There are 2 protein chains.
Amino acid sequence: METSILKKVYIFSGLSEEELEDVQKITRTKTFNKGDIIFFDTEPYLGFYITVSGLVKIYKISKDGREHILHLINPYNTFAEVPLFENFGEIREDAFRYPANAMALEDQTKVVLIPARPFTELLAENSRISLKMLSGFAKRLRHLNRHIEEITLKDVTKRVANFVLSEYINKRKTKLDSTHSIRLNISKNDLASYLGTILETLSRTFKKLQEEGIILVEGRTILIKDFEKLKETAS
Amino acid sequence: METSILKKVYIFSGLSEEELEDVQKITRTKTFNKGDIIFFDTEPYLGFYITVSGLVKIYKISKDGREHILHLINPYNTFAEVPLFENFGEIREDAFRYPANAMALEDQTKVVLIPARPFTELLAENSRISLKMLSGFAKRLRHLNRHIEEITLKDVTKRVANFVLSEYINKRKTKLDSTHSIRLNISKNDLASYLGTILETLSRTFKKLQEEGIILVEGRTILIKDFEKLKETAS
DNA sequence: TTAGCTTTTTGACTTAAGTCAAAGGGTTAG
DNA sequence: CTAACCCTTTGACTTAAGTCAAAAAGCTAA
């Protein structure tokens, strides 16, 4: 693994070449195929990860097997940093375990492990990383806040509409592609689990939104036919 | 407001008397009565808060008026720190707004405002605060994770049972009180909103758990009659 | 003590979303 | 080319939890 990868990771983005090499030395790269488990929430904590390529889902499972996806981790984003900071204060039984499960969603999903111990030492020396990390945590807290708001205060139709809308707005910001459509990079089953519902209900909801002339679903491509109506449905 | 209060706040707990006085100088104390709004999620961000006495709820409201409580903030705990760290990177429209609403739940709820600008300067100088803050964020991320898990993967009965159980375990850890009971410091309406349900459903659930001989509810006191069965119901 | 609140309980009913089962499409590998 | 597989859709049915309305129980303050 090269330091050029680390540079693209937000928390490491301010480091010197030398510092990057220090980090690079302690990492371990692993490759997973679709459906492979990266870790379970029952495992002892080793360190946090960077997704380098592919896609990772962070999720919880209920006793009876239902699943809920908390985060989807795209390339150059990190996951499982929380336990790094839980050694302070009283020792909770769930400290030093991963907070959730992680699974690769695509073949050739490459992740980099940053082992906890050497990293925390680096952190103590380099306060710029702490600030970056705080910013990263803040973003994630916002995300979870919004997630809870969605799931507890909105029905499935609103959630689906809002998902399509957010993805579309996000795409417009980053990609130079002027089609009024989005492309899902996950299965509808996973999307349902991310939106706090099940495949069948998602399917019926897509159908309803189509019948109302708001969107058009073709496989993993969703065409937005009535942006205003979509916004209205989402809010 | 005295520095003795700040000392009891986790993120300030490692500071010298001198540093505490620096913080103390920039604070502003406010007192609220039950039902008073501390801030709305639509307001521009001023800074974060410490609850000094009383109780604060952090919550979201849907368009049609339904409410969901995200956090309950007890004395010496902080809230609304997230926007402090959102100035970095792209400016989101919701940056510099509060992430949720805050309301006092008791009369004479005293809160201390730490204005953002002077505090971030302090933060840049004092990296120990950053680490404490990271630890605080980590705890909150865990909490939200668990919260989402509860709401999406468990039914109301399990959630209620688990709430009683957690409160009880928590009480045993902190207070020297050997009764097998807990005392709610919030109304059942607020508890329902915290557990992602409504008052009527909570009431019926309590009734059911009583009929099963697991608990006994008397006003705001809940007596645990069958601990094992409670654990079983909660899991 | 009682009037006037707020909070909680209970009953009857509705409904959104989940479950179960079967069939349809699409993709891939031999 | 086709069998085997996975992913998705559709239909029929169930159910947990929400809504609405009214009564009951608790508090508080004059």
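No experiment lies behind these values; they were computed from the predicted model shown.
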Separation of atom [atom1] in [X] from atom [atom2] in [N], rounded to whole Å:
{"X": "A:Lys208", "N": "D:dT9", "atom1": "NZ", "atom2": "P", "result": "16 Å"}
{"X": "B:Ile151", "N": "D:dG18", "atom1": "CD1", "atom2": "C1'", "result": "16 Å"}
{"X": "A:Lys158", "N": "C:dA16", "atom1": "NZ", "atom2": "P", "result": "12 Å"}
{"X": "B:Leu199", "N": "D:dA25", "atom1": "CG", "atom2": "C1'", "result": "13 Å"}

Residue-phosphate contact under 4.0 Å: [X] side-chain N/O, [N] OP1/OP2:
{"X": "A:Thr201", "N": "C:dA17", "value": "no"}
{"X": "B:Lys207", "N": "C:dT8", "value": "no"}
{"X": "A:Thr197", "N": "C:dG18", "value": "yes"}

Heavy-atom donor-acceptor pair, B:Ser193 side chain to B:Ile69 backbone, under 3.5 Å: yes
Base C:dG11 to side chain B:Arg204, donor-acceptor N/O within 3.5 Å cut-off: yes
Test of ring centre spacing under 6.0 Å for A:Tyr59 and A:Tyr194: no
Atom of A:Tyr168, atom of A:Thr179 and distance for their closest heavy-atom approach: CE1-O, 3.8 Å
Taking every non-hydrogen atom, the tightest pair across B:Thr157 and B:Lys208: OG1-NZ, 2.8 Å
